[in-house]
A.B. asks: 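First the structure, then my questions, so here it is.
All residue numbers in this chain count up from 1 along the given sequence.
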Amino acid sequence: MTHVTLRPEFETLIDPYAPVGQVGTGFEFTEGPIWHPIHHYLLFSDMPADVRRRWDAKRGVVEVKRPSNKCNGMTYDAELNLIVCEHATSSLIRERPDGRREVIASHFENQELNSPNDVCVHSSGAIYFSDPWYGRMPVYGVERPRQLGFQGVYRVPPGGGPPKLVVDRHMFDQPNGLCFSPDEHLLYVNDTTQALIRAFDVEADGSLSNARVFASGIRSELEPGLPDGMKCDQRGNVWVTAPGGVWVYSPSGELLGKVRLPELVANLTWGGPEFRTLYLTATHSVYAIPVKAGPRHEPYMSSRASTGADTASAAPASPQLTGGDMQLDPRRCAMIIQDLQNDVIMESGAFADSGSPAHARQQRVVDNVRRLAEAARARGVVIIHVWFIVEPGAPGVTLNAPLFEGLVDSGAMVRGSWGAAPVPGLEPRAGDFVVEKMRMSAWEGTRLETILKATGRDMIINTGAWTNMSVEHTARTGADKGYFMIVPEDCCSTMNADWHNASINFAMQNVAVVTNADAVIRGLG
């Protein structure tokens, strides 16, 4: 598919033959794309399906929130809290990394907002959002009467407070996408019904003035598409969804060219390691296109630096113990669930004769791990399942120790078998990671550390089977590597209580904080 060059400047922004790659499809109607600048994943919403999904190059598309309150536009603030427009609740909300949910705006003059639709954050911390009534329509929202008699654009001041209407209440039919110019002196707001973009001057107090039409006639009788999502690039050009894809306007309002896509486009955002990939939510699919121009620098993009040394120095250096209670930062934590597979702790498993099933029951290890994992997920902790997986015939398994000889002789943990599967109740959830190994330690020959580095985690909640082997070896190596290891002893089991207690009370004391599930849950806040 060839993009359309109308003025030479367009080809300095994107190659006219830039490939349009599909990163996911099969959705109902996608919206709200936003790229995480540190963890390098794309979040997007599927409003009719009432679900939020994420995509990254390693795992593809996974579901992360259902129901999602039919969320639409999303962005991050400077602290990487997620700001979300919710159609079903008529609210603009903030989701913190630890899972806390805060309502930023839900009413204006004691009347419910229509349905916040798109949002952008000023460098001052002020939040601007549009409020059409699409979220009160069937399919894209929840059908219900409107309380306000107009569709406006609002500003929430830095630090919070009631939203302030910043445009004339009868100026817009359906205000939709909005974005700042690179210097934040201008705010652009489009109107889907009127098929135009307006520009406003941003005053020192955050108010808007000097409203004027920046571009109009953004419609076609030949192709579907109207102004919806909109972003500004680093050079001040405005990229807006339109018939056939995305239309690009110069800062002076000249139409430079058109980015062509095979589906109706709803929204767009920049992403990738250097913010040189344009991600587009387009009805049933999400697409990615390499571009030459990057985005306007938004406050959240600076978090790449501020989440490094500055954040680390402000956070506690290790799991803090105060009056016997542990304090953990969920943003620094990952939870390992290791070897809790059918062959290991189920009565019909290959290692049933070892006593492992009985000790697992005695420890209530499955119930305790499940309870801890649910609490951890809710607070933003990364969950990593570590499974011992052997290919049929056990190629690559060395017989250098009785442990590995017994594994091969028992025909255990074979890929695709019932024995290798996770025990009921501990299956991976959307957003979890799975790591495979062929050694006792979760570190040896695996991608565990790659995941921890990529997600910025240095505190490991270490759970699973074989307390005195897999769990202990993982704790020892983790400590050697500089990670803070936390072992909730009631989330571990092995062949019998004697072996378990010897590991917990002696060996593990020197390399980990030994505690229990309840203390970890309290510590996560």
Side-chain angles (χ1 to χ4, degrees), residues 59 62-64 66 99 330 333-352 354-390 407 412-438 440-443 446-448 451-452 455 457 460-475 478 485-495 500 515-521 524:
R59 293 185 297 159
V62 296
E63 183 178 308
V64 295
R66 182 194 292 266
C333 290
M335 178 179 173
I336 292 176
I337 302 174
Q338 185 167 197
D339 291 352
L340 287 174
Q341 296 161 265
N342 289 326
D343 267 342
V344 178
I345 65 167
M346 298 298 282
E347 291 290 354
S348 301
F351 301 120
S354 70
S356 178
H359 191 244
R361 289 195 305 272
Q362 178 184 330
Q363 288 286 100
R364 296 180 56 83
V365 69
V366 175
D367 289 340
N368 289 334
V369 170
R370 180 173 58 235
R371 179 166 57 91
L372 177 54
E374 289 174 353
R377 284 191 190 94
R379 292 158 174 80
V381 174
V382 169
I383 307 297
I384 306 173
H385 303 259
V386 179
W387 297 339
F388 204 120
I389 298 292
V390 176
L407 175 81
M413 321 297 273
V414 176
R415 184 184 300 280
S417 69
W418 170 85
V423 298
L426 294 181
E427 299 87 352
R429 305 277 186 87
D432 292 359
F433 292 90
V434 174
V435 168
E436 296 182 359
K437 63 170 188 173
M438 286 202 304
M440 282 182 283
S441 172
W443 305 94
T446 76
R447 64 190 187 111
L448 174 60
I451 294 169
L452 296 173
T455 56
R457 309 295 162 141
I460 314 301
I461 303 166
N462 188 21
T463 73
W466 308 129
T467 314
N468 57 310
M469 290 182 283
S470 297
V471 177
E472 182 179 318
H473 279 250
T474 298
M485 305 303 299
I486 302 144
V487 178
E489 71 86 19
D490 55 353
C491 292
C492 307
S493 66
T494 185
M495 294 171 286
H500 176 83
T515 181
N516 58 48
D518 288 336
V520 174
I521 292 170
L524 291 170

A.B. asks: Using distance alone, with no hydrogens and no angle criterion, decide if N462 and T474 have a side-chain donor and acceptor under 3.5 Å apart.
C.D. replies: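 No, no side-chain donor-acceptor contact under 3.5 Å.
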A.B. asks: Quick test of your reading of the model: are E436 and R415 salt-bridged, counting only N-O distances below 4.0 Å?
C.D. replies: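 Salt bridge between E436 and R415, a charged N being under 4.0 Å from a carboxylate O: yes.
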A.B. asks: Between atom OG of S356 and atom CD of E347, what is the distance when rounded to the nearest 0.5 Å?
C.D. replies: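 Here the rounded value is 9.5 Å.
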A.B. asks: Is the CZ atom of R371 crowded by more than 12 outside heavy atoms at less than 6.0 Å?
C.D. replies: yes
A.B. asks: Mark yes or no for whether D432, through its side chain, and I384, through its backbone, hold a donor-acceptor pair below 3.5 Å.
C.D. replies: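 Such a contact is absent between D432 side chain and I384 backbone.
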A.B. asks: Donor-acceptor check, side chain of Q363 to backbone of C492, threshold 3.5 angstrom: yes or no?
C.D. replies: yes
A.B. asks: Measuring from atom CG of L407 to atom CE of M440, what distance do you get when rounded to the nearest 0.5 angstrom?
C.D. replies: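 L407 atom CG to M440 atom CE measures 11.5 Å (nearest 0.5 Å).
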A.B. asks: Could you check E472, Q338, M495 and say which one makes a side-chain contact (heavy atoms from CB on, under 4.5 Å) with W466?
C.D. replies: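 Only match with W466 under side-chain contact (heavy atoms from CB on, under 4.5 Å): M495.
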A.B. asks: Nearest 0.5 angstrom please: C491 SG to N368 CG, how far?
C.D. replies: 5.0 Å
A.B. asks: For the atom pair CD1 (I337) and CD (E427), what is the distance rounded to the nearest 0.5 Å?
C.D. replies: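 Here the rounded value is 10.5 Å.
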A.B. asks: Give a yes or no on whether the backbone of A375 and the side-chain of R379 come within a donor-acceptor separation of less than 3.5 Å.
C.D. replies: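 Yes, because the side chain of R379 sits within donor-acceptor range (under 3.5 Å) of the backbone of A375.
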A.B. asks: How far apart are the closest heavy atoms of A373 and I383, and which atoms are they?
C.D. replies: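 Shortest heavy-atom separation between A373 and I383 comes out as O-CD1, 4.1 Å.
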A.B. asks: Are the side chain of R361 and the backbone of H359 linked by a donor-acceptor contact shorter than 3.5 Å?
C.D. replies: no
A.B. asks: Could you go step by step and tell me if R429 and E63 meet the salt bridge (Lys or Arg N to Asp or Glu O under 4.0 Å) rule?
C.D. replies: CA-CA 9 Å; R429 305 277 186 87; E63 183 178 308; over 6 Å; no
A.B. asks: Walk me through whether V487 and T515 qualify under side chain to side chain contact (heavy atoms under 4.5 Å, CB included).
C.D. replies: CA-CA 6 Å; V487 178; T515 181; over 6 Å; no
A.B. asks: Can you tell me how far CD1 of I336 sits from CD1 of I460, rounded to the nearest 0.5 angstrom?
C.D. replies: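 It is 5.5 Å, given to the nearest 0.5 Å.
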A.B. asks: Would you check, one step at a time, whether the test side chain to side chain contact (heavy atoms under 4.5 Å, CB included) holds for R457 with I451?
C.D. replies: CA-CA 8 Å; R457 309 295 162 141; I451 294 169; over 6 Å; no
A.B. asks: Which heavy atom in G464 sits nearest to a heavy atom in V471, and how many Å separate them?
C.D. replies: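 Scanning both residues, the minimum pair turns out to be O-CG2, 3.7 Å.
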A.B. asks: Using the side chain to side chain contact (heavy atoms under 4.5 Å, CB included) rule, take M413 and W387 through it: C-alpha gap first, then chi angles, then the decisive distance, then the call.
C.D. replies: CA-CA 9 Å; M413 321 297 273; W387 297 339; over 6 Å; no
A.B. asks: Begin from the C-alpha positions of M438 and I389 and carry the test side chain to side chain contact (heavy atoms under 4.5 Å, CB included) through to its verdict.
C.D. replies: CA-CA 6 Å; M438 286 202 304; I389 298 292; over 6 Å; no
A.B. asks: Looking only at side chains, do H500 and T467 share a donor and an acceptor under 3.5 Å apart?
C.D. replies: yes
A.B. asks: Side-chain contact, heavy-atom cut-off 4.5 Å: K437 with W443?
C.D. replies: no
A.B. asks: State, to 0.1 Å, how close G425 and R370 come at their nearest heavy-atom pair, and which atoms those are.
C.D. replies: O-CD, 3.5 Å
A.B. asks: Which pair of heavy atoms, one from V434 and one from R447, lies closest together, and at what distance?
C.D. replies: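 Scanning both residues completely, I find the closest heavy atoms to be O-NH2, 2.9 Å.
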A.B. asks: Is the backbone of A420 close enough, under 3.5 Å, to the side chain of N342 for a donor and an acceptor to pair up by distance?
C.D. replies: no
A.B. asks: Where do A442 and V386 come nearest, in terms of heavy atoms and distance?
C.D. replies: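 The answer is CB-CG1, 3.9 Å.
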A.B. asks: Hey, are the side chains of S441 and S470 touching, using non-hydrogen atoms and a 4.5 Å cut-off?
C.D. replies: no
A.B. asks: If you compare all heavy atoms of D339 against all heavy atoms of A465, which two are closest, and at what distance to 0.1 Å?
C.D. replies: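 So the two residues come closest at O-CB, 3.7 Å.
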A.B. asks: Is any side-chain heavy atom of C333 closer than 4.5 Å to one of V382?
C.D. replies: no
A.B. asks: Quick one: does D490's side chain have a donor or acceptor within less than 3.5 Å of a partner on A517's backbone?
C.D. replies: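 Yes: the side chain of D490 pairs with the backbone of A517.
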A.B. asks: Rounded to the nearest 0.5 Å, how far apart are CZ of F388 and CG of L340?
C.D. replies: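 Reported to 0.5 Å precision, the distance equals 14.5 Å.
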